[in-house]
Amino acid sequence: MFLKPNTPLAADIVGVEHINGLFSYALVLTRNRSEAEDLVQETYVRAIGAMGRLRPESNVKIWLFTILRNIWLNQLRQRRTAPQIVEMDVEGINVGIGTKTSDDDPYALYVSTLERNQVREAIDQLPADFREIILLREYEELSYQEIAAILDCPTGTVMSRLARARAKLRALLSAAWQTAVQSGKEVIE
Amino acid sequence: MNAHDEHRVNILLYLDNELRGQELEYLLAHLDNCADCRRLLEEERALSNLLHRTRPLYTAPEPLRARIAAAAGPPAAFGDKPKRKHEHLLRFGWRNAQCSGVRWMTLAAMIIVVVLGLTLVPTVVRHAEAATFIDTAVTTHRAYQENQVPLEIRSSSPEAVTAWFAGKVPFQFRLPSSQSSPVGHPAYALSGARLVKFKNENAALVTYQMKAETISLLIASDESAVAAGGDEIRSGNLTFHYNTRAGLNVITWSTHGITYALVSSIHGSAQHSCLVCHQNMADQNVFK
């Protein structure tokens, strides 16, 4: 039994429920805004085209993330035989945050923004396999099994890679904040 | 793998809700008796909480969202040939799309010229106005540092400075109250303030001192001052604009009819500038 086009699941696929997650995933993979947008668009194109073959019990989110990753891997393979133009524009990315703090205090929002920027910068310094596993676990809240399905690897690999990624990320964030903490201490002293 | 490493692995599994049965029971029992592992758990939890606070990591741009939403269309649009219709909609205007005929390319070029004309001109004007406000903020900051614009009120009391501006500027604002730090010494100090002119209107210059660093806040009505350009980060209803001018960090934003420009030379990011207002507020853990 396959999915009928007008079922709720179909609406879920073509809706934009997962678009932030997909866009974030595309950005941590490509670190390039234009490529990330293309990747997300292509993902939806493929998903809509293949929707009729999706079973109702399928996990749409996992399916979409898997499609995106496969497209990206194919693009990487194609590039190996073609000249590459590397564009690293994550720092200049102009993307909304979409969350707000508990109140409308602009200063609180400002601080929240700074915090987010530091996290983004730290994640950006991680290797690609660490970036994607942090994204999938901490931001998309996928289980180890679901992550293993997307990455096409054993669950044990997810576990060990995630542990190493977290350790590295913690070190990067600690280094970034050490200056602030030290500065505060100096002032207080 | 020694016993401690095993606990470390299980702590991560526990945090990820991946630990079950006996292993979970063993870990919980161990945590009751092992301060090191409890500390490790809290460190890992703190990292996770930090990451969770920054969700989503990125937000899809509106144009992309709109393209996909339009291509998805209402459910009824899924007829006998859904694939071709949606592929066309999604791929139209695509960076890598290839138009088959010259006429299509010509038409597309004309549309692009018109659209760019309609969208870019107001944007350019707006960015030019924003640049003027930034330049004024930087110039004023420099002039204050060089003692060319002395303060008209010297006070470390936000309430006193707020009261001083009443009736002097064409907008109402209130500086956040200072709060003492856990050890009783604030990391910053409000120095004072003065009036400055911006586009023939009174604007407020408020200055802070943080050790050897000077931080200035230029505040003007949004009828005269615009915040735009730079690296934009949206947060809730606010958009912050990050710029660098002559070695100074400038962050501008507008809210409630007022536009702000925070200028500092603090090394690294503008993170330290937050201490001006947030040193001891509920969100102070951001800096720890």
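In the text below, chain A, chain B and the rest are named by the order of the sequence lines, each starting its count at 1.
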If we only count heavy atoms from C-beta on, is the B:P56 to A:F23 side-chain gap below 4.5 Å? no
Can you list the steps and then say if A:E141 with B:R55 is a salt bridge (charged side-chain N to carboxylate O under 4.0 Å, His left out)? CA-CA 11 Å; A:E141 289 191 286; B:R55 287 175 181 163; 3.5 Å; yes
Tell me, with the steps shown, if B:R65 and A:N20 meet side chain to side chain donor-acceptor pair (under 3.5 Å). CA-CA 9 Å; B:R65 191 183 294 271; A:N20 284 341; 2.7 Å; yes
Minimum heavy-atom distance between B:L47 and A:R170, given as atom pair plus value: CD2-CB, 4.2 Å
Roughly how far, to the nearest 0.5 Å, is the OH atom of A:Y25 from the CG atom of B:L57? 13.5 Å
Among B:N17, B:D16, B:L13, which residue has the highest count of heavy-atom pairs closer than 4.5 Å to chain A? B:D16
Pair B:R67 + A:E37: basic N to acidic O under 4.0 Å: yes
To check you understand the geometry: which heavy-atom pair defines the closest contact between A:Y139 and B:T54, and what is its length? OH-OG1, 2.8 Å
Tell me, do B:L64 and A:V40 make a side-chain contact under 4.5 Å, heavy atoms counted? yes
For A:L22, which atoms come within 4.5 Å of any heavy atom of chain B: side chain, backbone, both, or neither? neither
Nearest 0.5 Å please: distance from the CG atom of A:L135 over to the CG atom of B:L51. 10.5 Å
Under 3.5 Å, is there a donor-acceptor pair between the A:S143 and B:E18 side chains? no
Shortest non-hydrogen separation from B:S48 to A:R166 and the atoms involved: OG-NH2, 4.0 Å
